[in-house]
J.: 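Next up is a structure, given as structure tokens.
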Protein chains: 2
Amino acid sequence: MVTIYDVAKKAGVSPSTVSRVLNKRGNVKEETRKRVEQACQKLNYVPNANASSLRKKNTKTLALIIPDIENPFYTSVLKGFEGITGKRGYNTIVCNTDGNSTKEEDFINTILAKRIDGVAITSVSRSIDHLNLVLNRNIPMILIDRKLNGLDVDIVCGDSFQGAIKLVNHLIGLGHQKIAIITAPVHLSTSRERLEGYKTALNRANIPIDNNLIKIDKKSEGYSSERAYEMVKELLEQQEVPTAIFAGNNFMALGVYKALREKGLKVPQDIAVVCFDDMNFIYQIEPFFTTVVQPAYTMGKMAAEILLNKIEGRYEDNKQKVILQPQLIIRKSCGYKTN
Amino acid sequence: MVTIYDVAKKAGVSPSTVSRVLNKRGNVKEETRKRVEQACQKLNYVPNANASSLRKKNTKTLALIIPDIENPFYTSVLKGFEGITGKRGYNTIVCNTDGNSTKEEDFINTILAKRIDGVAITSVSRSIDHLNLVLNRNIPMILIDRKLNGLDVDIVCGDSFQGAIKLVNHLIGLGHQKIAIITAPVHLSTSRERLEGYKTALNRANIPIDNNLIKIDKKSEGYSSERAYEMVKELLEQQEVPTAIFAGNNFMALGVYKALREKGLKVPQDIAVVCFDDMNFIYQIEPFFTTVVQPAYTMGKMAAEILLNKIEGRYEDNKQKVILQPQLIIRKSCGYKTN
DNA sequence: AAGTATCATAAAACCGATTTCATAATATAA
DNA sequence: TTATATTATGAAATCGGTTTTATGATACTT
């Protein structure tokens, strides 16, 4: 493996001079610079980033931790994030936790070990100990999408509360009264706020809240299509059957839909379904679910910008809290039922 | 930042002893080991992976380079890959090239710099120079999905030729004669082989090949939904209109479908559509396209296993060439036209 | 009991870059 | 022309681990 010493020898200079050329730092005579560059070329020299990081104490690498790489919401976040970081000279390593807090903790550990410069995370965990490890080392961190109690850090997220109100108001406007909600565990701030929004919208419309119509997943760690499926099956066993279902996110809506179909219920004829988040390209075939869409791409971009500014020491202390408004998109999954 | 020296001091031993404990190498007295472990705990010590890699000359990190993180095919590959590598103690960094060969080259460069232990790649590039840089450094590499001319390396891929034959035979069996193909640039081996399979199936059925029905993307670098859309638009301008369209992959099928719908053509009533690769979860809503499904998850797993075996020096020289058979899944996108 | 093998540990060298410090060569100022 | 500032470069220290080498203490042979 060719090192900076080999290049130095070939160019007839010292390693420090080669380093100066590579990093464009300090004064180097034009002619020397050329000799060094030629030597690099000839030897196919690629500097060892590990050695460089060791000395420089930075890695020009960020981590983006997300719970589900298959969800278009997070791939949009990813694309927005990488778009910015790439332009500003950083690599980002994507950590897909699959909604598993153990994996999340493992990732944090290797991030710590690799001395990553900054972390953006959508956490699935009930605990924040592993994230405090990051903060205690003064590694810049930003939350995306989900808030975390007891952790005062920068965050970019959507307004789940208002989004839920939009969705439920839409259903109420269509004449629905028996509206069920199927959502993820409420240790996730988004799920908690969507539930709050749901209740608030019903209250405002003077519709009594029926706990039988509220199904909160307590078994998994995140938004699970399978759990949504199971919970709808339970829901439909009850005497009280809803005329509309609000699914916590796009994937839960899929589980909801599957369960309904198996029970012989048609959407929207027999029952309406709405949810959070879009499915992008999928809807080229058949735009279907009425949803509240969050600006995922923008969230990724803004998170990257804030994180990089922190790393490069721009607006220091004051924590950024960016809350983006989602947009209601009405499609075919709700009929015009008048109850 | 706490270093191995801090731990050593706290435990009252030398750094080499701490290293021995950390790496479980060499003999260490039980009591000393405990003292060291406690010191690590108390100081929240996380070894610097860059320093370690520098000395050990490995990073326990692999790179997986894929062209489209939004395509379920590649996320399946990813999951299969990570499942194996994680279990065997390796991290994998995912490099999403977005079908852009410049990005691919950039990734290769940082992979080289970071001294990654091995590379798995689905290349989008027409050139192989950047990949030869990897091979020249004796960095283990394996191709996934796409072959590359002039590069003798291990590979795990699907049988695009046979898959295409299955698809076209299915259409022919349904009575179709005027079958169009819309596919990616043929510098991609999969596209080339699908085209060959298409031609072979027609030949075998004594159906003349009509070049007007063959649309090969020459503008983009990969399988593009947008380009498929445009090419179908062109196709439908011609006097000769097909009764069935074979789309190069799942995303191209989406573009095909969109164009057809805009032209007022219904699938499958007016025209049949088949394609390569599935869409997984999407089909929970409406399983639609008849496809030939490749075992993406298995491909990822096998690629990981072969790559790791190479890295850990198991079956040395002989190059593995794994070709997996795809499976025809018949759904609703083809009617029972008799022409 | 003396000689050899094994265990336990420390000191020092090393991985490959960057950075500080020192110094010679050149340019500029007085 | 001499003093000073600037440019150009190299030697050596450093980042934080791992590994080699050396050595004293135990354990095992015969």
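Sequence lines set the chain letters: A, B, ... in the order given, protein chains first and strands last, and positions in each chain run from 1.
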J.: Could you tell me whether the phosphate oxygens of D:dG16, OP1 or OP2, come under 4.0 Å of any side-chain nitrogen or oxygen in B:Asn48?
T.: no
J.: Evaluate the side-chain proximity of B:Tyr90 to B:Ile84: yes if any heavy-atom separation is below 4.5 Å, no if none is.
T.: no
J.: Taking only side-chain N and O atoms of A:Lys57, does any of them lie within less than 4.0 angstrom of OP1 or OP2 on D:dG16?
T.: yes
J.: Write down the distance between CG (A:Asn50) and P (C:dT18), rounded to a whole number of angstrom.
T.: 12 Å
J.: What is the distance from CZ of B:Arg35 to C1' of C:dA8, rounded to the nearest Å?
T.: 12 Å
J.: By the 4.0 Å heavy-atom rule, please label B:Val18 as base, sugar-phosphate, or nothing.
T.: nothing
J.: Want to settle it: does B:Thr17 or A:Lys56 sit nearer the 5' end of DNA chain C, counting the closest nucleotide to each?
T.: B:Thr17
J.: Could you state the NZ-P distance from A:Lys114 to D:dC15, rounded to the nearest angstrom?
T.: 23 Å
J.: Counting just side-chain N and O atoms, does B:Ser14 come under 4.0 Å of either OP1 or OP2 of C:dA10?
T.: yes
J.: Mapping A:Ala51 and B:Arg33 onto DNA chain C by nearest heavy atom, which one lands closer to the 5' end?
T.: B:Arg33
J.: Check the distance between C:dC15's P and A:Ile4's CD1 and give it to me in whole angstrom.
T.: 15 Å
J.: Got a salt bridge between B:Glu31 and B:Arg35, using NZ or NE/NH1/NH2 to carboxylate O under 4.0 Å?
T.: yes
J.: What nucleotide, of C:dT18, C:dC15, D:dA11, holds the atom closest to the side chain of B:Arg55?
T.: C:dC15
J.: If you look at every strand shown and take non-hydrogen atoms under 4.0 Å, does A:Asn23 touch a base, only sugar-phosphate, or nothing?
T.: sugar-phosphate
J.: Side chain of B:Arg20: nearest nucleotide among D:dG16, C:dA17, C:dT9?
T.: C:dT9
J.: What's the NZ-P distance between B:Lys29 and D:dT26, to the nearest Å?
T.: 8 Å
J.: Whole angstroms only, please: what is the CD-P distance between A:Glu31 and D:dA8?
T.: 11 Å
J.: Using the side-chain hydrogen bond (donor to acceptor under 3.5 Å, both in side chains) definition, which of the options A:His187, A:Arg146, A:Glu104 pairs with A:Ser123?
T.: A:Glu104
J.: Would you indicate, yes or no, if D:dT9 has its OP1 or OP2 atom less than 4.0 angstrom from a side-chain nitrogen or oxygen of A:Thr32?
T.: yes
J.: For C:dA10 and B:Tyr5 - does any side-chain N or O of the residue sit under 4.0 Å from the phosphate oxygens OP1/OP2?
T.: no
J.: If I take atom CG from residue A:Asp117 and atom OG1 from residue A:Thr59, how far apart are they, to the nearest 0.5 angstrom?
T.: 3.5 Å
J.: With a non-hydrogen cut-off below 4.0 angstrom, is B:Ser16 in contact with a base, only sugar-phosphate, or nothing?
T.: base
J.: Please give, in whole Å, the distance from C:dT19 C1' to A:Asn27 CG?
T.: 15 Å
J.: Between A:Asp154 and A:Lys321, is the closest basic N to carboxylate O distance under 4.0 Å?
T.: no
J.: Map B:Arg25 and B:Leu54 onto DNA chain D by nearest heavy atom, then report which one ends up closer to the 5' terminus.
T.: B:Leu54
J.: Given C:dT18, D:dG16, D:dG10, which nucleotide is nearest the side-chain atoms of A:Pro15?
T.: C:dT18
J.: Is A:Ser19 near enough to C:dT18 that one of its side-chain N or O atoms lies under 4.0 angstrom from OP1 or OP2?
T.: yes
J.: So, B:Arg88 and B:Glu305, do they make that salt bridge, N to O below 4.0 Å?
T.: no
J.: To the nearest Å, how far apart are B:Lys60 NZ and D:dT18 C1'?
T.: 15 Å
